[in-house]
Amino acid sequence: MVILSAFAGTILFSCAPARQSGQGADLVIYTSHPDDLARTVIDEFRERTGLRVHTVSDGTGALLERLGAENGSGADVLWGGGAESLVANIRLFVPYLSPERTAIPASLRDSEGFWTGFTVLPMVIIVNTRLVRESDIPRRWSEVMAPSFAGSVAFADPSRSGSSYTILRTILVAMEEAEKKSPEDSIRDADEWRIVRDLVRAIGGVPLEESALVYRGVASGEYLVGMTYENAGADSRRLGSDVRVIYPGDGTSAVPDGVAMLHGAPHEDAAKQFIDFVLGQDVARVVSARFGRRSARSDAPVPDGLPPLDTLRLVNYDFDAAVSTRAVTIERFSALCGSP
């Protein structure tokens, strides 16, 4: 069997007319993964199966909006998107219990098989060490809100960025675990939102439009500190910037992105083949070695330079609660940003 790490050259995605319509394809995949990762994995799947694969690439929100609006879109698989987004749109999926799911912890997959975790993305603090002294590096979410960082913290708008909403929710959960209260209480109680008011002051009252601006801004020195997902910070570091990744001592979340078969998939057998493939050991190895991402598989290697997941302090992050409180949480955050 060909090993994925041997992918040096890859076949181009299908030609332009096929990309536009998907007509004649054996499998239609909607994906929000970065182009290099998606192309590497899908091209190897083509090589192994001989299937004609059509891909549609966009952000998770845009893909879900399109799938929700389209009737009989012809799509078979959604590959990508955080668990919260998948839970919120579960009506779009049908259960599939892949034989590979036994290697994936129950906390990283839907119990009925509506979605299964692909990779895991801890939320982190990133710091420009060229500009921040070692003694001043924030080690907890609360320390990011120190007056010395006011106006110099990069954080994307949680109404636009799934990872930023996860971070906002994680901060609330971490604070409430420390105070032995529920995060839902913090949403109702204005006083308990003091840490979010401090966050709004730290970002100067204006969140960034997209997640990519967070790590770019910290890497360039435009911001001293940022809050983002692990891979963004690690990628910046690998590119030679002065970015350091900090795992918050007061707890973080490790939310998976997933893969799911779509309701009404016209190529059900091919969809199952692809889901089994991306959840398998070969893809887990290349995801770790080539792209530095944590596979959801419990038997997968930890990417070089990253700490084992079980060494991190993880909060009790409830996907269902995160979905049910999303609207009110973002409304409260936006109102604070609009406050004088």
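Since the model is a prediction, treat every value here as computed from it, not as a measurement.
I167 is not connected to V206 by any chain of hydrophobic side-chain contacts under 4.5 Å among Ile, Leu, Val, Met, Phe, Trp and Tyr, and they are in different clusters.
Between Y30 and W79, the gap from one ring centroid to the other reaches at least 6.0 Å. Annotation: F114 is not in aromatic contact with F93 [ring centroid separation under 6.0 Å not met].
Checked by atom type and distance alone, the side chain of D242 never pairs as donor or acceptor with a backbone atom of T129 at under 3.5 Å. In this structure, the side chain of R313 engages the main chain of G249 through a donor-acceptor pair within 3.5 Å. Between the side chain of N89 and the main chain of S85, a donor-acceptor pair closer than 3.5 Å is present. For S288 (side chain) and P301 (main-chain N/O), a donor-acceptor pair under 3.5 Å exists by modelled atom type. With hydrogens and angles disregarded, no donor-acceptor distance shorter than 3.5 Å links the side chain of T311 to the backbone of P307.
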Step by step, work out the salt bridge (Lys or Arg N to Asp or Glu O under 4.0 Å) result for E209 and R216. CA-CA 13 Å; E209 291 187 0; R216 290 175 189 167; over 6 Å; no

Is there a side-chain contact (heavy atoms from CB on, under 4.5 Å) between D110 and T116 once you walk through the steps? CA-CA 6 Å; D110 178 69; T116 307; over 6 Å; no

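D76 is not listed as a side-chain neighbour of I29, based on a closest heavy-atom distance of 4.5 Å or more. The shortest distance between side-chain heavy atoms of M227 and I171 falls below 4.5 Å. Between H33 and R293 there is a side-chain heavy-atom pair separated by less than 4.5 Å.
Between the side chains of Q273 and T49, no donor-acceptor pair is found at a separation under 3.5 Å. Side-chain polar atoms of D26 and H267 form no donor-acceptor pair below 3.5 angstrom. For T325 and R169, the side-chain atoms include at least one donor-acceptor pair closer than 3.5 Å. A side-chain donor-acceptor contact under 3.5 Å links S163 and S161. Checking Y96 against E268 by side-chain atom types alone, no donor-acceptor pair falls below 3.5 Å.
A cation-pi geometry, defined here as NZ or CZ lying under 6.0 Å from the six-membered ring centre and within 45° of its normal, holds between R326 and Y165.
The aromatic rings of Y229 and Y215 sit perpendicular to each other, their planes meeting at more than 60°, with 30° as the lower class boundary.
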